[in-house]
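Everything on this sheet refers to the single structure shown next.
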Amino acid sequence: MESGLRLEIEAVLRDRMGRECLLTPSGRVALWLALRTWLSPGARLLLSPCTDDVVLFVVLAAGLRPVMAPLSPCDGNIDPFAIPEATWKRVDGVLTTNLYGMPDRVVELRARCERDGLVLIEDVAHAIETEVGGRPIGAFGAAAAVSLSKHVAAPGGGALVFADAGRRPDLERLLGEVTTPRTPGRRAADVLSPAAERLVRALGLFRPARWAWRSLGLVERAEGNRMPLRAPLLREAVAHAPDLVRFDPWVRFDLHGYRMALTGPQLSGILARLRRLDGDRARRVEGVLRLRELPGTAAPAREGPPRPLLRVPLLVEDRDGVQAELRRRLVTTTHVFDPPLDDYATAEFVDPSSSPEAARWWGSHVLPVDPLDAGRVLRALGGMGTPPRPARPPSGTGP
Ligand SMILES: Cc1ncc(COP(=O)(O)O)c(C=O)c1O
């Protein structure tokens with residue numbers, strides 16, 4: 001039954017993306033497969049410093065050296081026109097982010113990669129419903145990593161999308177090497193966590209539940225937006241890369257079953273949700289239309305036809321204060337990628353950006369809000385004594 005479901009999921013994804021797809025236990029495993037297959041250990045990979053820290057650790061686990069790209073203050077994605085020639089000459093590949101569903105400048109990046117013989121890998125975790133010129137994001141590079149726990153809202157799962165179908169046997173072998181059976185403890189957590197969440201919701205016990213989860217140490221990002229770096233341990237892991245298992249302490253953050261095989265019921269759930277993605281698109285667009293009226297909405301979310309974004313980025317002064325105030329009103333904001341990875345991981349583990357200002361500005365001002373929760377967000381913001389003030393872009397980099 002499970003292999004039939006797997007094939008059906010891959011067929012749905014193949015129809016969407018127009019490319020070969022391999023189902024994986026998570027988006028991060030798909031990304032690791034892409035980096036291990038299309039790049040060699042020691043290669044340098046250009047990526048955004050304002051992405052998930054898990055992505056950084058996957059890049060390190062693949063034995064690659066991360067090189068931080070200059071960003072556009074307009075959307076927090078790589079600014080291809082700000083990348084110095086010296087940086088282009090140093091890198092072997094580029095990884096896009098498609099932050100919150102806003103597309104990278106993928107046409108320009110692909111043209112440059114083709115010209116210089118670089119590998120383009122796409123991170124589609126936030127952008128499974130995003131297109132550029134009528135073509136889905138994920139169908140531009142050599143390979144792309146999809147996450148099924150974002151728009152698809154599954155409790156896990158991912159997929160590798162790739163152009164060269166001949167690579168499939170090697171990819172399946174590599175996937176088999178890192179995948180483990182789902183442990184009984186994880187299976188129990190798979191069932192109990194959503195049940196506990198439903199109970200909390202039904203009884204309206206958000207505050208005591210939040211206190212209890214924090215007291216029990218079950219909130220992973222309780223101390224800020226980035227996970228603890230643990231530099232001495234990381235130094236040792238980097239010395240032994242490529243090796244995904246050795247990077248478990250970092251890569252499993254927020255998703256402890258990230259390389260455990262999906263169960264039959266999980267696969268059925270993913271398939272059903274994937275088939276409902278068009279409905280999700282309509283709900284997201286509706287939320288984006290409501291939120292884009294807020295002062296401070298980033299230009300790509302505010303202008304043009306609305307996209308079905310994962311998050312609508314607001315750019316506000318005193319972001320941490322606004323985030324805390326929203327939390328008091330029981331609106332949690334996730335996917336805040338601050339500080340930028342070069343400030344977080346230091347030059348020991350990454351090549352810092354040649355111009356870090358836009359990334360620092362974006363990272364410290366962005367407040368990503370969920371368009372599916374637009375009503376609650378608007379009520380919470382409306383209830384604040386002083387409404388959030390839109391952030392002013394750094395001089396010389398205005399969006
Ligand atoms: C930008 C980005 N890429 C990749 C991932 C990894 O996806 P997954 O959680 O499915 O492993 C995430 C997870 O949040 C992400 O935010």
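FYI, the numbering just counts along the sequence from 1.
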Polar side-chain atom of Asp123 near backbone of Thr96 as donor-acceptor pair, under 3.5 Å: no
Atom of Arg182, atom of Gly257 and distance for their closest heavy-atom approach: NH1-O, 3.9 Å
Rounded distance [0.5 Å steps], CG in Asn225 versus CG in Asp53: 9.0 Å
State, with a plain yes or no, whether a side-chain heavy atom of Arg112 is found less than 4.5 Å away from one of Leu120. no
Is there a donor-acceptor pair under 3.5 Å between the side chain of Asp104 and the backbone N or O of Asn77? no
Would Arg290 and Val377 count as a side chain to side chain contact (heavy atoms under 4.5 Å, CB included) if you check the C-alpha gap in whole Å, the side-chain angles of each, and the deciding distance to 0.1 Å? CA-CA 10 Å; Arg290 292 178 73 186; Val377 171; over 6 Å; no
Pairs meeting criterion salt bridge (charged side-chain N to carboxylate O under 4.0 Å, His left out) with involvement of residues 261-272, two or more places apart: none
Less than 4.5 Å apart, any side-chain heavy atom of Leu45 and any of Leu35? yes
Determine whether Trp32 and Val59 satisfy the following criterion, side chain to side chain contact (heavy atoms under 4.5 Å, CB included), listing intermediate values before the conclusion. CA-CA 7 Å; Trp32 189 77; Val59 173; over 6 Å; no
For residues Thr51 and Leu47, determine if any side-chain heavy atom of one lies less than 4.5 Å from a side-chain heavy atom of the other. yes
Minimum heavy-atom distance Arg65-Phe349, with the two atoms named: NH1-C, 3.3 Å
Minimal non-hydrogen separation, Ala144 against Val124, with atom names: CB-CG2, 3.6 Å
Under the ring pair (Phe, Tyr, Trp, His ring centres under 6.0 Å) rule, what do His151 and His126 come out as? Steps first, then yes or no, please. CA-CA 7 Å; His151 290 73; His126 294 191; 8.3 Å; no
As a test of understanding, state which of Gln323, Arg319, Arg311 forms a side chain to side chain donor-acceptor pair (under 3.5 Å) with Thr333. Gln323
Ring-face cation contact, Tyr344 with Arg226, 6.0 Å cut, 45° max: yes
Between Glu172 and Arg168 (salt bridge meaning N to carboxylate O under 4.0 Å), is one present in this structure? yes
Side-chain (Asp342) to main-chain (Met68) donor-acceptor, under 3.5 angstrom: no
Report the C-alpha separation of Arg173 and Glu177 in whole Å, then their side-chain angles, then the decisive distance to 0.1 Å, and conclude whether the salt bridge (charged side-chain N to carboxylate O under 4.0 Å, His left out) test is met. CA-CA 6 Å; Arg173 187 187 40 75; Glu177 282 172 19; 3.1 Å; yes
Output the distance between atom CG (Leu60) and atom CG (Leu244), rounded to the nearest 0.5 Å. 12.0 Å
When you compare the side chain of Arg376 with that of Asp373, does any pair of heavy atoms fall below 4.5 Å? yes
With a 3.5 Å distance limit and no angle check, can you tell me whether Glu317 reaches the backbone of Arg392 through a side-chain donor-acceptor pair? yes
Does Trp361 reach the side chain of Leu315, with side-chain heavy atoms less than 4.5 Å apart? yes
With sequence neighbours excluded, residues passing side chain to side chain donor-acceptor pair (under 3.5 Å) with Glu114: none
Should Thr179 and Val29 count as side-chain neighbours, where that means a heavy-atom distance under 4.5 Å? no
Grouping I, L, V, M, F, W and Y whenever their side-chain heavy atoms are under 4.5 Å apart, do Leu372 and Leu326 come out in a common cluster? no
Could you tell me whether the side chains of Tyr100 and Asp75 share a donor-acceptor contact shorter than 3.5 Å? no
Working for salt bridge (charged side-chain N to carboxylate O under 4.0 Å, His left out), residues Glu131 and Arg307: CA-CA 9 Å; Glu131 288 155 12; Arg307 292 182 188 276; over 6 Å; no
Sidechain-backbone polar pair: Arg292 side chain, Thr297 backbone, donor-acceptor under 3.5 Å: no
Donor-acceptor under 3.5 Å (Glu20 side chain, Ala165 main chain): no
Can you see whether Phe140 has Arg135 sitting over its ring - NZ or CZ less than 6.0 Å from the centre and within 45° of the normal? yes
May I ask you to decide if Gly156's main-chain N or O and Ser149's side chain share a donor-acceptor pair within less than 3.5 Å? no
Going by distance alone, is a donor N or O of one side chain under 3.5 Å from an acceptor N or O of the other, for Asp190 and Gln266? yes
Between Glu8 and Arg275, does at least one N-O distance fall below 4.0 Å, as a salt bridge requires? yes
Identify whether Leu381 and Leu289 are in the same connected component of the hydrophobic contact network (ILVMFWY, side-chain heavy atoms under 4.5 Å). no
Please report the shortest heavy-atom distance between Asp370 and Leu310, naming the atom on each side. OD1-O, 4.0 Å
Answer yes or no for Arg167 and Trp38: cation-pi contact, defined as NZ/CZ to six-membered ring centre under 6.0 Å and angle to ring axis within 45°. yes
Within this structure, what is the OG-CG distance for the pair Ser48 and Leu341, rounded to the nearest 0.5 Å? 7.0 Å
Give a yes or no answer on whether the side chain of Arg28 reaches the backbone of Val251 with a donor-acceptor pair at less than 3.5 Å. yes
Decide whether Val119 and Val55 are clustered together by the hydrophobic rule: side chain heavy atoms of Ile, Leu, Val, Met, Phe, Trp, Tyr closer than 4.5 Å, transitively. yes
Going by an N to O cut-off under 4.0 Å, is there a salt bridge joining Glu325 and Arg329? yes
Which pairs with one or both residues in residues 57-79 pass ring pair (Phe, Tyr, Trp, His ring centres under 6.0 Å), sequence neighbours excluded? Phe57-Trp250
What's the spacing between Ile9 CD1 and Ser268 OG if we round to 0.5 Å? 8.0 Å
Value for OG (Ser355) from CZ (Arg360), rounded to nearest 0.5 Å, stands at 10.5 Å
Could you tell me the separation between the CD atom of Glu286 and the CZ atom of Arg281, rounded to the nearest 0.5 Å? 14.5 Å
Between the side chains of Asp280 and Arg284, is the shortest nitrogen-to-carboxylate-oxygen separation below 4.0 Å, so that they form an ion pair? yes
Ser72 versus Arg105: any side-chain heavy-atom pair under 4.5 Å? yes
Backbone N/O of Gly101 and side chain of Thr130: donor-acceptor pair under 3.5 Å: yes
N-O pairing of Arg90 and Asp351 below 4.0 Å: yes
Ignoring hydrogens, what is the shortest heavy-atom contact between Ala298 and Trp362? Give both atom names and the distance. CB-CH2, 4.2 Å
Please check if Leu309 and Val336 belong to a single hydrophobic cluster, counting links between Ile, Leu, Val, Met, Phe, Trp and Tyr side chain heavy atoms closer than 4.5 Å. no
Between Val331 and Leu291, is there a shared hydrophobic cluster once you connect ILVMFWY residues whose side-chain heavy atoms come closer than 4.5 Å? yes
Answer yes or no: is there a side-chain heavy-atom contact under 4.5 Å between Pro80 and Glu108? yes
Salt-bridge test for Glu10 and Arg19: reply yes if a basic N is under 4.0 Å from a carboxylate O, no otherwise. no
Closest approach of Thr263 and Arg187, non-hydrogen atoms and distance? CG2-NH1, 3.6 Å
Indicate yes or no for a side-chain donor-acceptor contact from Asp116 to the backbone of Leu118 under 3.5 Å, with no hydrogens or angles considered. no
Within 6.0 angstrom of Arg230 CZ, more than 12 heavy atoms from elsewhere: yes
